[in-house]
Amino acid sequence: MGSAALGEAIKGIRSWAMNEGRVIQTPANVKDTFGARVFNDKVQQARLPKPVYTSLRNTMTQGKALDISTADAVASALKDWAVENGASHFTHWFQPLTGITAEKHDAFYGPTADGRALAEFSGKELVRGEPDASSFPSGGMRSTFEARGYTAWDPTSPPWLLVNNNSVTLVIPTAFVSWTGVALDKKTPLLRSMEALSAQAVRVLKLFGSSASRVTATCGPEQEYFLIDSNFYFARPDLLNAGRTLFGARPPKGQELEDQYFGSIPERVLAFMADVESELYKVGVPIKTRHNEVAPSQYEVAPIFESANVATDHQMMTMETMKRVAPKYGLACLVHEKPFAGVNGSGKHLNWSIGDDLGNNLLGPGDTPHQNMQFLFFCTAVIRAVDVWQGLLRYSIAHAGNDHRLGANEAPPAILSVFLGDMLTDIFEQVEKAGEAKSTKTGGMLDIGVGALPKLPRDAGDRNRTSPFAFTGNKFEFRAVGSTQNVGLPATCLNVAVCESLDALGTELENRLKKGEKLEDAVKAILKATIKKHKRIIFNGNGYSAEWQKEAGKRGLLNLKNTVDALPEVIKPEVVKAFEKYKVLTEAELHARYEISLETYNKTINIEAQLMALMASRYILPAALEGVKNVAQSVAAAKAAGVPSREGKKHLTQLVRLVDAFKAQTDKLEAAAAHVGGAADKHAKYMRDTVVPAMVKLREIGDQLELVTPHQVWPLPTYREMLFVK
């Protein structure tokens with residue numbers, strides 16, 4: 001019962017506050033613990049012979065192949081380090097197309113002839129694993145009876161130790177492919193896209209006179225999440241099985257007072273955050289920021305930028321660590337995009353940039369952006385990429401959970417647009433008109449008007465939190481990514497889009513230079529023409545407004561309002577051509593991902609619909625009928641006493657009608673969910689057009705019942721409990 005869960009939650013909070021929460025613990029110094037469980041550069045230098053270390057570093061920084069003798073030496077040192085730190089097992093950790101991570105643990109130790117156990121680990125075992133691949137999503141690229149798959153060590157992402165209460169496991173980040181070499185994961189295409197992007201970016205840099213030999217895509221994915229008391233979590237079948245509440249009336253107080261955002265962090269939540277950070281620091285995840293988010297019980301954690309593939313690994317580690325640590329504090333961590341209707345959902349803002357091996361951020365504008373031709377060229381390439389490949393980028397964030405974030409007070413992923421801010425917009429407007437910019441807007445100094453307070457340097461423009469793709473100083477922030485997502489897919493698609501854009505603009509620049517044009521003149525001409533052609537994607541206004549929807553339509557921008565509309569973008573001929581040209585994914589691999597996305601969408605909606613019908617029949621309807629019985633007995637008692645209650649009878653009539661409507665709609669949902677689809681795309685449209693509306697209608701009635709059913713008989717924890725009892 002909801003009230004019982006509330007009582008248990010309060011007891012748990014009181015117990016925590018009196019016991020674990022009051023234990024004074026001196027936190028370890030981060031500089032002493034950061035990377036303590038990572039086979040990082042410091043450990044490598046100390047344990048590897050110099051030639052082996054040099055070879056490994058060349059592989060990590062320059063992408064050179066690793067020979068088997070080097071792999072054997074690394075494996076030996078890695079095994080010794082892991083065993084010395086208590087490890088008994090190792091695992092090839094990979095990211096299949098389920099969207100989460102997978103692992104199979106193998107023991108280091110094997111029996112010897114004299115009855116002892118010996119720890120062994122070869123270069124072959126380090127470089128290649130062989131998990132059963134038959135039950136992972138493949139989109140038809142293989143038959144289920146074909147089981148062989150390979151994991152391949154990613155030497156650019158350092159191994160680390162997973163420490164549990166009674167075990168230590170060496171975790172080796174890997175890519176995952178089939179026996180035929182088909183990519184079955186999120187990491188393989190990401191690594192391929194990084195190589196392709198580097199090649200095109202270096203090609204452009206050389207035209208500007210740079211000696212850089214490698215360019216790396218870097219990411220810093222922010223993570224939003226909710227924390228609720230675990231007693232509530234276990235009392236909600238929908239949170240347990242779907243990750244979001246399928247029923248739940250809005251509470252009298254939500255986020256309208258805006259008192260949660262950046263507010264004081266509750267003690268138990270802060271203890272959880274500190275524990276998570278401590279665990280992440282030990283495995284080398286550079287967590288930087290923690291704070292309250294907009295919705296009640298919503299929070300955010302953000303890291304420092306890293307190489308895109310390492311950032312993706314670390315982001316998955318962050319989600320897993322949060323979920324693992326939360327129960328220690330009697331909490332449940334929710335990363336669904338919309339666990340609670342009526343308040344803001346959660347995103348995963350993917351901060352993205354590119355930098356060369358000379359230490360330069362290619363999206364850093366410098367002090368005088370209008371004179372920084374190289375920056376303007378790369379920035380223009382990104383703007384063009386978002387415009388040309390808006391369908392691909394929309395596909396990359398399309399899934400059932402993210403559909404719930406469309407509109408409202410959150411960055412709407414339906415329409416892709418680029419926010420540049422006042423400074424860059426002014427520069428590009430100058431470029432479009434005259435072919436060059438003569439000045440850069442500055443913000444000057446901000447005088448707060450209090451003598452004791454310092455004057456603050458003011459940025460040239462404000463930020464825009466409604467933009468799905470915003471320039472934020474020296475990077476772009478892809479704000480439309482969903483909070484449950486593996487960021488490998490949107491990062492891959494963004495890399496490919498920018499790669500193609502750099503290729504196109506770089507080719508034009510090469511052709512102009514071959515004709516004898518000066519570099520400056522050629523760049524000015526390209527910038528002017530490109531901005532004029534693609535400025536429709538630039539929008540600095542309110543992305544939530546109805547006016548923007550109309551304006552975007554006039555501009556010819558895509559408005560793909562849901563997952564089913566967005567998914568076909570990935571199999572369009574131009575997308576297939578680009579992915580094959582840059583050797584990121586083949587046509588078959590792209591079609592497989594399309595099929596997997598459709599299948600995942602259909603299964604997600606089906607699970608939610610079946611679960612909703614179950615909760616309606618076994619939880620809400622019995623409680624509502626109990627409420628009706630109580631009211632009916634009261635009305636009958638009043639009538640028997642000679643004082644009939646007109647309003648009581650009216651209330652009873654309304655309750656009965658509501659219960660009848662709820663039961664009828666439950667039956668409709670069950671009938672709709674029983675539909676057996678044919679082709680996956682047609683079934684997805686049926687789910688979107690028939691099942692989802694039936695779920696929405698049932699929820700509306702169910703939430704009305706919650707508001708009129710006595711609390712003592714309502715079977716589920718309510719929003720006012722889950723969001724505010726901390």
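One-based numbering along the sequence shown. Hydrogens, waters and symmetry mates play no part in the numbers below; they use all other heavy atoms, side chains included.
Between Leu716 atom CG and Glu721 atom CD the span is 10.0 Å, to the nearest 0.5 Å. Interatomic distance, NZ of Lys697 versus OG1 of Thr666, reported as 12.0 Å (0.5 Å rounding). Here Glu337 contributes atom CD and Arg244 contributes atom CZ; the two are 10.5 Å apart, rounded to the nearest 0.5 Å. One finds the NZ atom of Lys726 at 10.5 Å from the CG atom of Leu331 (value rounded to the nearest 0.5 Å).
For the 3.5 Å distance criterion, the side chains of Gln298 and Asn344 fail to qualify, holding no donor opposite an acceptor. A donor-acceptor contact closer than 3.5 angstrom links the side chains of Thr245 and Tyr719.
Annotation: side chain of Gln223 is in contact with side chain of Met319 (closest heavy-atom distance under 4.5 Å). Counting only heavy atoms from C-beta outward, the side chains of His683 and Ile605 never approach each other to under 4.5 Å. No side-chain heavy atom of Asn292 sits under 4.5 Å from any side-chain heavy atom of Tyr261. Met273 places none of its side-chain heavy atoms less than 4.5 Å from the side chain of Val301.
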Criterion salt bridge (Lys or Arg N to Asp or Glu O under 4.0 Å) on Asp403 and Arg688, from CA distance to verdict: CA-CA 11 Å; Asp403 280 356; Arg688 177 196 63 190; over 6 Å; no

Derivation and outcome, salt bridge (Lys or Arg N to Asp or Glu O under 4.0 Å), residues Arg699 and Asp703: CA-CA 6 Å; Arg699 177 168 190 155; Asp703 292 353; 3.2 Å; yes

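Listed for the Tyr281 side chain is a donor-acceptor partner under 3.5 Å among the backbone atoms of Ile287. Side-chain N or O atoms of Arg268 include one that pairs as donor or acceptor with a backbone N or O of Tyr329 at under 3.5 Å. For the pair Glu608 (side chain) and Ala242 (backbone), a donor-acceptor distance under 3.5 Å is absent. A donor-acceptor distance shorter than 3.5 angstrom exists from the side chain of Asn562 to the backbone of Asp565, with no hydrogens or angles considered. No donor-acceptor pair under 3.5 Å is formed between the side chain of Arg479 and the backbone N or O of Leu350. In this structure a side-chain-to-backbone donor-acceptor pair under 3.5 Å is missing from Glu706 to His711. Between the side chain of Gln95 and the backbone N or O of Asp185 there is no donor-acceptor pair closer than 3.5 Å. Listed for the Asn351 side chain is a donor-acceptor partner under 3.5 Å among the backbone atoms of Gly220. Put simply, the side chain of Glu222 never gets that close to the backbone of His349: no donor and acceptor are under 3.5 Å apart. Side chain of Ser278 to backbone of Ala274: no donor-acceptor contact under 3.5 angstrom is found.
Annotation for Tyr619: atom OH does not count as buried by contact number, only 12 or fewer foreign heavy atoms lying within 6.0 Å. Within 6.0 Å of atom CZ in Arg250, 12 or fewer heavy atoms from other residues, nucleotides or ligands are found, so the atom counts as exposed in its surroundings.
When the options Asn241, Leu614, Leu698, Asp238 are evaluated for a side-chain contact (heavy atoms from CB on, under 4.5 Å) with Leu246, the one that passes is Asp238. For the side-chain contact (heavy atoms from CB on, under 4.5 Å) with Cys333, the qualifying choice from Leu227, Val276, Val325 is Leu227, the only one to do so.
Checked against a 6.0 Å centroid threshold, the rings of Phe226 and Tyr299 do not count as neighbours. Taking the six-membered ring for Trp and the full ring otherwise, His399 and Tyr601 have centroids separated by 6.0 Å or more.
Taking all atoms of both residues into account, the shortest heavy-atom contact from His314 to Gly284 is CE1-O, 3.2 Å.
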